[in-house]
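Below is one structure, written out as structure tokens; comments come after it.
First the proteins, then the strands, lettered A, B, ... as listed; each starts at 1. Hydrogens, waters and symmetry mates are skipped; everything else that's a heavy atom, side chains included, is used.
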Amino acid sequence: KAGVTQTPRYLIKTRGQQVTLSCSPISGHRSVSWYQQTPGQGLQFLFEYFSETQRNKGNFPGRFSGRQFSNSRSEMNVSTLELGDSALYLCASSLVIAGGEQFFGPGTRLTVL
Amino acid sequence: GQQVMQIPQYQHVQEGEDFTTYCNSSTTLSNIQWYKQRPGGHPVFLIQLVKSGEVKKQKRLTFQFGEAKKNSSLHITATQTTDVGTYFCAGSTGNQFYFGTGTSLTVIP
């Protein structure tokens with residue numbers, strides 16, 4: 001079974017721009033969660049999607065949004081980028097919501113200049 | 001708000017020594033998971049604990065879930081250089097996972 005894939009792997013943007021990250025879950029997994037990982041803050045939960053609906057949301061500003069498609073693939077969008085948005089963005093797929101083993105993708109390393 | 005604290009933040013051990021990381025939640029958890037992230041890698045699931053007082057072992061790793069389901073620990077016996085990485089706990093309240101801050105383990109050969 002193929003693992004979780006994320007594209008792109010690396011991204012460099014400038015302040016004020018917007019970015020879209022993509023995540024393809026493991027086949028059969030309907031839950032996709034997004035996390036932001038920074039050296040100082042650890043793993044911070046952004047949101048979780050299940051069956052195309054956002055089920056849970058972390059404490060991030062509205063500049064961070066996401067969606068899930070009928071094939072369970074998910075995208076995350078960050079608008080009006082700030083320097084502090086530089087981080088590793090990880091997505092994880094799971095069979096169930098907030099209760100099962102999460103399979104993480106390799107992440108997208110976003111650098112905001 | 002919900003918080004999951006993990007200590008210590010960093011730990012350096014000589015190869016062969018034991019290692020323990022502790023995870024504490026401000027509220028009762030429905031379950032707790034442990035993940036390992038190697039340097040430059042992504043978190044990889046190790047185990048899930050669900051029952052109060054549960055203890056599970058994986059070779060040299062021992063995982064415990066507290067009686068009150070608010071704390072957990074991971075103990076590694078006789079560390080090896082392959083144990084290097086950051087260990088995260090992730091507590092679930094049923095609505096979402098709250099990751100601990102992680103413990104970075106360095107094993108000195």
_OG on A:S94 to CD on B:Q33, rounded to 0.5 Å_ =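 Separation between the atoms: 7.5 Å.
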*How long is the span from the NE2 atom in B:H42 to the CZ atom in A:F103, to the nearest 0.5 Å?*
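One gets 10.0 Å once the value is rounded to the nearest 0.5 Å.
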*Check whether A:Q37 gets within reach of chain B through its side chain, its backbone, both or neither, counting any heavy atom under 4.5 Å.*
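Contact with chain B: side chain only.
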*Pick one of side chain, backbone, both or neither for A:L43, based on which atoms fall under 4.5 Å of a heavy atom in chain B.*
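Both backbone and side chain.
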_Taking atom NZ as the centre, does B:K57 end up with more than 12 heavy-atom neighbours from other residues, nucleotides or ligands that are less than 6.0 angstrom away?_
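Not buried by this count: 12 neighbours or fewer within 6.0 Å.
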Is there a path of hydrophobic side-chain contacts, each under 4.5 Å between heavy atoms, that joins [X] and [Y]?
X	Y	value
B:Y22	B:Y98	no
B:L46	B:L29	yes
A:I26	A:M76	no
A:V19	A:Y89	yes
A:L11	A:F64	yes

*Give, as side chain, backbone, both or neither, the part of B:Q37 having an atom under 4.5 angstrom from any heavy atom of chain A.*
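For B:Q37, side-chain heavy atoms alone lie under 4.5 Å from chain A.
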*Step by step, would you call A:F104 with B:Y35 a side chain to side chain contact (heavy atoms under 4.5 Å, CB included)?*
CA-CA 10 Å; A:F104 282 83; B:Y35 291 81; 3.7 Å; yes
*Which heavy atom of B:Q48 sits nearest a heavy atom of A:E101, and at what distance?*
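Smallest interatomic distance, heavy atoms only, reads OE1-N, 4.5 Å.
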*Step through it carefully: locate the ring centre of A:F45, locate the ring centre of B:F97, and say whether they are under 6.0 Å apart.*
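No, too far apart.
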